[in-house]
Amino acid sequence: MPLSAIPEGSRLRPPDGDVVMSVVRLSRYFLPVLREDPAEAEIVSHRLMLRAGLIQQAAAGIYNWLPLGFRVLKKIEQIVREEMDRAGAIEILMPTIQPAQWWKESGRYDDYGKEMLRIRDRHDREMLYGPTNEENVVDIFRRHVKSYRQLPLNLYHIQWKFRDEIRPRFGVMRGREFLMKDAYSFDYDFAGAKRSYENMFLAYLRTFRRMGLTAIPMVAESGPIGGNMSHEFQILASTGESVVYYDAAFEELDLAAEDVEVEALTRLYAAVEEKHDPERCPVPAERLRKARGIEVGHIFYFGTKYSAPMGATVTGPDGREVAVEMGSYGIGVSRLVGAIIEAYHDERGIVWPEPVAPFRVGLVNLRPDDADCTAMAEAMCTRLDRAGVETLYDDTQERAGAKFATMELIGLPWLVVIGPRGARSGLVELRSRRDGTATELGPDAVLQRLCG
RNA sequence: CGGGGCGUAGCGCAGCCGGGUAGCGCAUCUGCUUUGGGAGCAGAGGGUCGGCGGUUCGAAUCCGCCCGCCCCGACCA
């Protein structure tokens, strides 16, 4: 087949033959936006995710991820991955389907109830779609780790989970199937487990901050996972489900330093409304903040709850065999997509923080039928691609109003507008989605602003 | 799981009470005009009315059963 017969697809192919990787042509892309609000969506993030073509429902609490939504999901996943790796955790991938036997060993097979999706294979073996992976990771650990010298160890994966919620709702914020990062720490003793816990605590603050979010860790019940040291991380959003009180110090944390005093951070005050007692609150009024939050992460220390019954032991320096001390650390990756939209949107649509935006730039060619406009736009595409700027190039024949409305709905941080006016004067318009400010610049200046 | 509601064209909805040839807006397709904020005109296509059964000469409409989805409550990354 001659090269010219191969469909170009959505990637741009510039005249010199290089395949462009950063720029996507809207006319060849798959972006099914909805002009009207779907009837089933109640909350703003769910409405916007459906309207902006991020997801499509398959069944109650189960979603298809369409191209734009999938890009965001991958961005979030990658930030989580990088911060886990930075914290010394090691990525693996455990299966979605697990044998029931492990759960019978840990004693959770009966405890977990109807939330766990139980299935049987063709040989009538009992299996389940994992709602979490403590048993699975303990099985990996116990078959290979025998000595305290191999500790500490932290294994994590980013995998789909299924919890058969009684009532899934709010789109991906409370789906039945969801993508979660779950990490599991193994230590020889409590002191080590506490260090592992604090290490994850800091990693979580860094992870959420990189996404443009303020995360408030609050002391939590440890629930069915068990244990006695637990924090849940709520990100602030005006539409959040719970009301939280917290020390303003959380907003000013310096997380970049190598020697962050994590233990001090774990003691900063934060509480959900139900547990907040104004009389006994240790934070002075001028430093107390009240806001709404959405839970996006939860960390637990639970000691030997799983290692003891499942026989995950190591031999210590004294020659004695002990069950390892464990913790587990979850981040709702798919939930974060909805949570970030709850935190960042306006009446026109989504306003993505740059680190998680599906594309950094929306390049609007107002007149694809005009040779000058198109030449200018395609030249800009090539330059943006060379600079590695992820760009969605709107080369469609829609009218200006429809193009702007779509771009504002999908919320890319930067809009570059090329029209007949600018094509004559050599200027393009650079517009910020966040504050709406627009400036007329030459192509060089645009590149500089976006890359400098 | 208890309570409430909804399933009619891709999306949003009307029609159902009082059974009688399935409609509207948007979207889609064709043509012409238009082109910096969701265009105009003309034409066209698209429906097992969620499913099964019943009543009836005749069912989107009445009755029964089932399925799916949404909302409110008790639980959750």
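Chain letters run A, B, ... following the sequence lines, proteins first and then strands; every chain starts at 1.
Across the protein-nucleic acid pair, A/R174 atom CZ and B/C71 atom P stand 11 Å apart, rounded to whole Å. Counting to the nearest Å, the C1' atom of B/C72 and the CD atom of A/E241 are 13 Å from each other. In this structure, CE of A/M116 is placed 16 Å from C1' of B/C76, rounded to the nearest angstrom. If you take CD of A/Q397 and C1' of B/U28, they are 17 Å apart, rounded to a whole angstrom. Spacing between atom CG of A/L34 and atom P of B/G12 amounts to 8 Å, rounded to whole angstrom units. If you measure from atom CZ of A/R176 to atom P of B/A77, you get 17 Å, rounded to the nearest angstrom. At whole-Å resolution of the value, OH in A/Y112 and P in B/A77 are 8 Å apart. Between A/I43 atom CD1 and B/C72 atom C1' the separation is 15 Å, expressed in whole Å.
Picking from B/C70, B/G73, B/G36 the nucleotide with the shortest atom distance to the side chain of A/E40 gives B/C70. Side-chain atoms of A/A400 lie closest to B/G37 of the nucleotides B/C1, B/G37, B/G12. With distances taken from any side-chain atom of A/R163 to the nucleotides B/C76, B/G36, B/A74, the minimum falls on B/C76. Closest approach to the A/A59 side chain among B/G36, B/C69, B/C72 is made by B/C69 (side chain taken as heavy atoms from C-beta onward). Listed nucleotides: B/G38, B/C71, B/G12. Nearest to the side chain of A/A39: B/G12. If you check B/G12, B/C75, B/G36 against the side chain of A/E115, the one that comes closest is B/C75. Among the nucleotides B/C76, B/C70, B/G38, the one closest to any side-chain atom of A/R335 is B/C76. When distances run from any side-chain atom of A/P420 to the nucleotides B/G36, B/G73, B/G38, the shortest one goes to B/G36. Distances from the side chain of A/R167 to the nucleotides B/C70, B/C72, B/C76 place B/C72 closest.
In this structure, A/L26 CG and A/T406 OG1 are separated by 7.5 Å, a value rounded to the nearest 0.5 Å.
Residue ring and nucleobase are not stacked for A/F404 and B/G38 under a centre distance beneath 5.5 angstrom and an angle between planes beneath 30°.
Aromatic pair A/W160/A/F178: centroids not less than 6.0 angstrom apart. Two rings, from A/F300 and A/Y197, have their centers 6.0 Å or more apart. Under the 6.0 Å cut-off for aromatic ring centres, A/F201 and A/H231 qualify, their centroids lying closer than that.
B/G47 is unpaired under the Watson-Crick or G-U wobble criterion, no partner having all donor-acceptor distances under 3.5 Å. Across every strand in view, B/C26 sits in a pair with B/G10 that passes the Watson-Crick or G-U test at under 3.5 angstrom. Under the Watson-Crick or G-U wobble criterion, with both distances below 3.5 Å, B/G31 is paired with B/C41. For B/G2, the paired base is B/C72 (Watson-Crick or G-U wobble, both distances below 3.5 Å). Under the Watson-Crick and G-U wobble criteria, each requiring two contacts below 3.5 Å, nucleotide B/G18 is left unpaired. B/G53 is paired with B/C63 under the criterion used here, namely a Watson-Crick or G-U wobble arrangement in which both key atom distances are under 3.5 Å.
Phosphate contact (OP1/OP2 of B/G36, side-chain N/O of A/R431, threshold under 4.0 Å): absent. Residue A/Q57 has a polar side-chain atom (N or O) positioned under 4.0 Å from OP1 or OP2 of B/C70. Side-chain N/O atoms of A/R35 include one lying less than 4.0 angstrom from OP1 or OP2 on B/A27. In this model, the phosphate group of B/A39 is approached by a side-chain N or O of A/R399 to a distance below 4.0 Å at OP1 or OP2.
At a threshold of 4.0 angstrom between heavy atoms, the contacts of A/E36 include nucleobase atoms, whether or not backbone atoms are also involved. Heavy atoms of A/D369 sit under 4.0 angstrom from at least one base atom. A/G175 comes within 4.0 angstrom of a base, heavy atoms only. Note on A/G419: a base of the nucleic acid sits closer than 4.0 angstrom, heavy atoms only.
Nucleotides B/G15 and B/C6, compared at atom C1', are 16 Å apart to the nearest Å. Annotation: B/U8 and B/A60 have their C1' atoms spaced 7 Å apart (nearest Å). Nucleotides B/C49 and B/G43 place their C1' atoms 27 Å apart, quoted to the nearest Å. Between B/C13 and B/G47, the distance separating the two C1' atoms is 15 Å to the nearest Å. A distance of about 15 Å separates the C1' atoms of B/G64 and B/A59, rounded to the whole Å. Between the C1' atoms of B/A39 and B/U21, the separation comes to 36 Å (whole Å). Comparing the same atom, P, in B/G3 and in B/C65 gives a spacing of 15 Å after rounding to whole Å. For the P atom pair drawn from B/C72 and B/C16, the interatomic distance equals 30 Å after rounding to whole Å.
Checked by distance alone, A/E408 brings a side-chain donor or acceptor within 3.5 Å of a matching partner on the base of B/G37. For B/G36, the base has no donor-acceptor partner in the side chain of A/R424 [N/O atoms by modelled type, under 3.5 angstrom].
Within the 4.5 Å cutoff, side-chain heavy atoms of A/F141 are placed close to those of A/L153. Here the side chains of A/M180 and A/I158 are not in contact, with every heavy-atom distance at 4.5 Å or above.
Using a 3.5 Å distance cut-off with no hydrogens or angles, the side chains of A/S230 and A/Y301 do not pair a donor with an acceptor.
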* To do: Give the intermediate values and the outcome of side-chain contact (heavy atoms from CB on, under 4.5 Å) for residues A/S45 and A/M173.
  => CA-CA 9 Å; A/S45 62; A/M173 297 259 285; 4.1 Å; yes
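Atom CD of A/E82 sits in a crowded spot, with more than 12 heavy atoms from other residues, nucleotides or ligands closer than 6.0 Å.
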